[in-house]
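First the structure, in the form of structure tokens, and then the observations on it.
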Amino acid sequence: MAVMMLRSTLVLATCGAALAFMAPVHTGVSLRAAARSPALSVRMQAQESHLSRRDLPSLLAKSLLAGAVAPSLLTAFPAPSAAAAGALGSPESPIVVIGSAGKTGKECVKRLAAAGYTVRATTRGESSLEKLGVSGGNVQLMAGIDVTKPETLEAALAGAGAVIFTSSASSKGGNALAVDCLGVENIARAAIAAKVPRLAVVSSVGVTRADSLAFKFTNIFGNVMDYKEQGEERLRAIYAGQDGLSYTVVRPGGLSNGKGVGITNLQISQGDTSYTEVDRVDVAEVTVASLFFSAAAGTTFEVYQRSGVKPIQDDLKKTMYAVSGAHTTDAPAKASDAVLSEASLPAYSAFFAGLKKDSDFAVTNGYKAQKPVA
């Protein structure tokens, strides 16, 4: 939701007290990577100038993390040859990005387009490739796709190999109930109806921690945290018992608009216990990468920079990594390497390895909806 003004008294008071956030089993990788290397196949066995509601918490995080310098991320993906026919990201199996006009959605489209994948970039209103910051014949732009209107989703998801949901409440696109809760439910049902193998949803760190200052601050904006959490729960309920179709929920920390730090400077964890800042570029890369790794299927995890990590609540300091540990990687990975390049495969495999499935732990932390949706 676009924010035209924020009273300075609120900013000063919150900055003084809040710790802001927002937001080796060998894993399965797409056929595209295997097609480029037979040896690898054998080893694998298979918007604008105004502040947005999502940007506000990161301003607080910056005040606490001042002095940290993020190295440049040249590009998340080089431009490899087109995906093998029928493989994820090929013309026959495009990757759909819902909410492509938003800041995180644009970054997802850029990462995919630069890699040569076929991307179906959807927007609610009219847009252009130029506005999305991409060019080339591998990006299909589809306007008029509105997650609050389920009848528009069938065409968008037809034949898709994967879907990335980056939409959130805005002044023009719908409130938090309509987009972050019911919109997530709508996209999940549409993805299952279209038999899309994987759906990735970008949510937020802290959605299950109603007592945290971060939750309370962000939830001021239309109860967005409460509705995001309920959207996650509806997604999991819809996917329960599905065979061959899965989801991934990515919860970024406090979003910033830098150049990214790259995978070796990132961390993921589970349990909604910790946070720090993270660039949208990095959120996009991790979200895109999760589509290609089976270890990320059926999971919910938080992602943020590796340095400066803090408990989201003081009482969680001793249990920040109790669910599945702190997931990092020191395996060689160049900033310019593709997620599925043979050189960077060990880094991404290590990054996602060992994630617990949502069915194996209390992913909601006993959260009780503040405004239950019927």
Side-chain angles (χ1 to χ4, degrees), residues 10-23 54-70 202-220 224-226 228-229 232-233 249-256 261 263-279 282-283 286 296 299-330 350-370:
L10 175 60
V11 173
L12 292 174
T14 309
C15 285
L19 296 177
F21 62 93
M22 133 95 193
R54 284 185 169 187
D55 293 325
L56 290 173
S58 69
L59 298 178
L60 307 180
K62 288 178 181 177
S63 70
L64 298 173
L65 302 174
V69 179
V202 178
S203 182
S204 174
V205 161
V207 292
T208 70
R209 301 296 182 180
D211 291 334
S212 69
L213 290 176
F215 180 104
K216 292 175 181 177
F217 175 77
T218 310
N219 207 50
I220 291 172
V224 64
M225 298 292 274
D226 187 43
K228 278 183 179 294
E229 197 283 333
E232 287 187 13
E233 288 198 46
V249 176
V250 180
R251 294 171 172 169
L255 291 167
S256 58
V261 298
I263 185 174
T264 55
N265 294 300
L266 296 176
Q267 177 173 302
I268 57 177
S269 62
Q270 295 180 285
D272 204 12
T273 58
S274 52
Y275 79 99
T276 190
E277 195 173 36
V278 64
D279 287 329
D282 291 322
V283 175
V286 170
T299 68
T300 297
F301 59 82
E302 296 78 54
V303 59
Y304 37 76
Q305 290 182 11
R306 191 169 178 174
S307 61
V309 181
K310 297 175 174 64
I312 198 165
Q313 294 177 186
D314 289 342
D315 60 345
L316 298 173
K317 186 174 182 179
K318 295 182 178 180
T319 58
M320 286 204 307
Y321 306 126
V323 175
S324 64
H327 297 252
T328 61
T329 180
D330 293 314
F351 197 58
F352 292 120
L355 286 172
K356 279 192 177 182
K357 303 300 182 185
D358 288 350
S359 57
D360 294 336
F361 73 103
V363 67
T364 67
N365 293 311
Y367 180 84
K368 300 296 183 182
Q370 296 183 3

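Residues satisfying the salt bridge (charged side-chain N to carboxylate O under 4.0 Å, His left out) test with Glu229, not counting sequence neighbours, are none. With sequence neighbours excluded, the residues forming a side-chain contact (heavy atoms from CB on, under 4.5 Å) with Lys317 are Pro311, listed by chain and number. Listed by chain and number, the residues in a salt bridge (charged side-chain N to carboxylate O under 4.0 Å, His left out) with Asp330 are Arg306 (sequence neighbours excluded).
For Thr273 (side chain) and Met320 (main-chain N/O), a donor-acceptor pair under 3.5 Å exists by modelled atom type. Using modelled atom types, no side-chain atom of Asp358 and backbone atom of Val363 make a donor-acceptor pair closer than 3.5 Å. Judged by distance alone, with hydrogens and angles left aside, the side-chain atoms of Asp282 form no donor-acceptor pair with the main-chain N or O of Gln305 at under 3.5 Å.
Taking every heavy atom of both residues into account, Thr329 and Ala350 meet most closely at OG1-CB, 3.9 Å. Taking every heavy atom of both residues into account, Phe301 and Val286 meet most closely at CE1-CG1, 3.9 Å. For the pair Tyr304 and Val309, the tightest heavy-atom approach, listed with the atom from each and the gap, is CE1-CG2, 3.7 Å. Contact record, Ala210 with Gln370: CB-NE2, 3.8 Å, taken as the closest heavy-atom pair. Taking both residues in full, the closest heavy atoms of Glu277 and Ser256 are given as OE2-CB, 3.3 Å, listed atom of the first, atom of the second, then distance. Here the shortest heavy-atom pairing between Asp272 and Val207 reads OD2-N, 3.2 Å.
Taking CD of Glu233 as the reference point, atom OG1 of Thr208 lies at 9.5 Å (rounded to 0.5 Å). Going from atom CG of Leu266 over to atom OG1 of Thr276 covers 11.0 Å, rounded to the nearest 0.5 Å. Atom OG in Ser203 sits 7.5 Å away from atom CE in Met225 (nearest 0.5 Å). Note: Leu355 CG to Asp360 CG = 11.5 Å, rounded to the nearest 0.5 Å. Atom OG in Ser204 sits 12.5 Å away from atom OH in Tyr275 (nearest 0.5 Å). Between atom CD1 of residue Ile263 and atom CD1 of residue Ile268 there is a gap of 8.0 Å, rounded to the nearest 0.5 Å.
Inter-residue side-chain proximity for Val249 and Thr299 is flagged as unmet; no heavy-atom pair is nearer than 4.5 Å.
Of the N and O atoms on the side chains of Ser274 and Tyr321, not one donor lies less than 3.5 Å from an acceptor on the other residue. Side chains of Tyr367 and Glu232: no donor on one and acceptor on the other come within 3.5 Å.
Only one option out of Lys356, Lys357, Gln270 pairs with Ser324 in a side chain to side chain donor-acceptor pair (under 3.5 Å); it is Gln270.
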